[in-house]
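This report concerns only the one structure given below.
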There are 2 protein chains.
Amino acid sequence: MISKACKYGIRATVFVASKIELGIKLNVKEIAKEVDAPEAFTAKILQILNKHRIITSLKGPYGGFFIDQFQLEQPVINIVNAIDGMAVFRECGLGLEQCSEKHPCPMHNQYKIAREALLDAFQKTTIGQLASQLSDGTSFINNMELSSAAATD
Amino acid sequence: MISKACKYGIRATVFVASKIELGIKLNVKEIAKEVDAPEAFTAKILQILNKHRIITSLKGPYGGFFIDQFQLEQPVINIVNAIDGMAVFRECGLGLEQCSEKHPCPMHNQYKIAREALLDAFQKTTIGQLASQLSDGTSFINNMELSSAAATD
DNA sequence: ACCAAAAAGGATAATTTTATCTTAAATAGA
DNA sequence: TCTATTTAAGATAAAATTATCCTTTTTGGT
Ligand code: FES
Ligand code: FES
């Protein structure tokens, strides 16, 4: 669907975004721990996100990652685009080299609907919206702890 | 989204299904060539499909792969299930270990819609339906040849 | 019984994705 | 200016997926 790297990237971005009010910077270790992702891999992904201006980084002591107000308005698809690119949203569901109305695969009509729903999901949602949900406590960015799992789910 | 193996598998199945009227058996080479897939890899996939009774195989001279009438009625999702399993349709879009209404990730509501659209596409479509389209000439199972590409698309 | 043709099965290789480790660059503060 | 801290960058490793090759089994025809 979308790569693991991209999923880590969205989780990390949303977590960083959820701290905007606090005006603090977060370092790789804190982010990786919170979003349940491998630390070194997360560092690579944060690097990409910074290059694409999804989040902002500052080196040195008291440095770290944070997000600017204007970056909250960006749609989640910008993250997907930065890490995976836009190919998934154009690709043929049966793997033909190119998806085309003129030379459609047998699943074209059905697949297109699902693919567009996915595009929609990422396009219509902003990083800020997701961050709010996280702050609200209405959604989560990490796995349930095993302990509470039995009780909660 | 779904694996390459699975896409080859669907293409191969639909091609085999489209020949049901002819009452012939197709061998790996013919199938792989038609669906633009690597031959040895296709052989592996056809093996799996046969084991799951998606298609039927017969060894020996005059052997090959074919499909039975009852197999035409099967939904395409049976192919996905045979090769990739059903996990994609249950997985969290942001990679949490489990997708849950009680512990949803921030994209849960939006992602669920796309995921269900995909499930729908595979569930509501039968192999026979896709095969008919192919026979009709209204859809295609292989890539456009480069020559005709310029003219057609 | 034997041979040839075809799929099945097992081993291996190549590629891509995921993950880690090490060193370099930047920067705040003493 | 020196040091500690933190990201950036580059090299490497591990795992998963995709792909190939070789041997075995099955089977129809002679
Ligand atoms: S051609 Fe296959 S999805 Fe469009
Ligand atoms: S929890 Fe993420 S999609 Fe359901």
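By convention in this document, chain letters (A, B, ...) are assigned in the order of the sequence lines, proteins followed by strands, and residues within each chain are numbered from 1. Predicted model, so just to flag it, every value in this text is computed and none were measured.
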Self-check item: side-chain hydrogen bond (donor to acceptor under 3.5 Å, both in side chains) evaluation trace for B:H103 with B:Q98
Solution: CA-CA 9 Å; B:H103 189 95; B:Q98 86 159 7; over 6 Å; no

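Among residues at least two apart or in separate chains, there is no ring pair (Phe, Tyr, Trp, His ring centres under 6.0 Å) pair with a member in residues 65-101 of chain B. Residue pairs that meet the ring pair (Phe, Tyr, Trp, His ring centres under 6.0 Å) test with at least one member in residues 116-135 of chain A, sequence neighbours left out, do not exist here. Sequence neighbours left out, the pairs with a member in residues 1-15 of chain B that pass side chain to side chain donor-acceptor pair (under 3.5 Å) are B:S3-B:D84.
For B:E34, the side-chain hydrogen bond (donor to acceptor under 3.5 Å, both in side chains) partners are B:N142, not counting sequence neighbours. Remark: A:K44 engages no residue in a salt bridge (charged side-chain N to carboxylate O under 4.0 Å, His left out) (not counting sequence neighbours). B:D120 pairs by the salt bridge (charged side-chain N to carboxylate O under 4.0 Å, His left out) definition with B:K124, not counting sequence neighbours.
A 4.5 Å side-chain heavy-atom check between A:V76 and B:M107 finds at least one atom pair inside the cut-off. Residues B:L49 and B:I83 are in side-chain contact: their nearest non-hydrogen atoms beyond the backbone lie under 4.5 Å apart. With contacts defined as side-chain heavy-atom distances shorter than 4.5 Å, the pair A:I67/A:L72 qualifies. Counting heavy atoms from C-beta outward, A:L118 and A:M1 have side chains that approach closer than 4.5 Å. Counting only heavy atoms from C-beta outward, the side chains of A:E39 and A:V28 approach each other to under 4.5 Å. Side-chain contact between B:P106 and A:I141 is present, with heavy atoms from C-beta onward closer than 4.5 Å. For the pair A:N109/A:P104, no side-chain contact is recorded, criterion being any heavy-atom separation below 4.5 Å from C-beta on.
Listed by residue number, the members of residues 80-89 of chain A with any heavy atom below 4.0 angstrom from DNA chain D form an empty set. For DNA chain C, the residues of residues 20-39 of chain B within the heavy-atom distance limit of 4.0 Å (strictly under) are B:L26, B:N27, B:V28, sorted by number. Scanning residues 59-71 of chain B for heavy-atom distances under 4.0 Å to DNA chain D yields B:K59, B:G60, B:P61, B:Y62.
Between A:Y8 and C:dT18, a side-chain N or O to OP1/OP2 separation shorter than 4.0 Å is absent. Under 4.0 angstrom from either OP1 or OP2 of D:dT7 there lies no side-chain N or O belonging to A:N50. Considering only side-chain N and O atoms, B:S57 lies under 4.0 angstrom from the phosphate OP1 or OP2 of C:dA8.
Contacts of B:L46 with the nucleic acid, taken as non-hydrogen atoms under 4.0 Å apart, are absent.
An angle of 0°, rounded to 10°, separates the two end axes of the helix from C:dA1-D:dT30 to C:dA30-D:dT1, each defined over five pairs.
Whole-Å rounding puts the A:I48 CD1 to C:dA19 P distance at 13 Å. The distance from atom CZ of A:F41 to atom C1' of D:dA8 is 16 Å, rounded to the nearest whole Å. Note: NE2 (A:H52) to P (D:dA8) measures 14 Å, nearest angstrom. Atom-to-atom, CD1 of B:I45 to P of D:dT20 comes out at 11 Å; the value is rounded to the nearest Å. Between A:I2 atom CD1 and C:dT16 atom P the separation is 21 Å, expressed in whole Å. Between A:L58 atom CG and C:dA28 atom P the separation is 6 Å, expressed in whole Å.
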Tabulate below the donor-acceptor pairs under 3.5 Å that side-chain atoms of residues 15-25 of chain A make, not counting sequence neighbours, or state none.
{"from": "A:S18", "atom 1": "OG", "to": "A:F15", "atom 2": "O", "distance (Å)": "2.6"}
{"from": "A:K25", "atom 1": "NZ", "to": "A:Y62", "atom 2": "O", "distance (Å)": "3.4"}

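Hydrophobic cluster membership differs between B:I10 and A:L96, with clusters built from Ile, Leu, Val, Met, Phe, Trp and Tyr side chains linked at under 4.5 angstrom.
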Give every pair of a protein N or O atom and an N or O atom of nucleotides 9-12 of chain C that lie under 3.5 Å apart, one pair per line with the distance.
{"from": "C:dG9", "atom 1": "N7", "to": "B:K44", "atom 2": "NZ", "distance (Å)": "3.3"}
{"from": "C:dG9", "atom 1": "N7", "to": "B:Q47", "atom 2": "NE2", "distance (Å)": "3.2"}
{"from": "C:dG10", "atom 1": "N7", "to": "B:K44", "atom 2": "NZ", "distance (Å)": "2.9"}
{"from": "C:dG10", "atom 1": "O6", "to": "B:K44", "atom 2": "NZ", "distance (Å)": "2.6"}

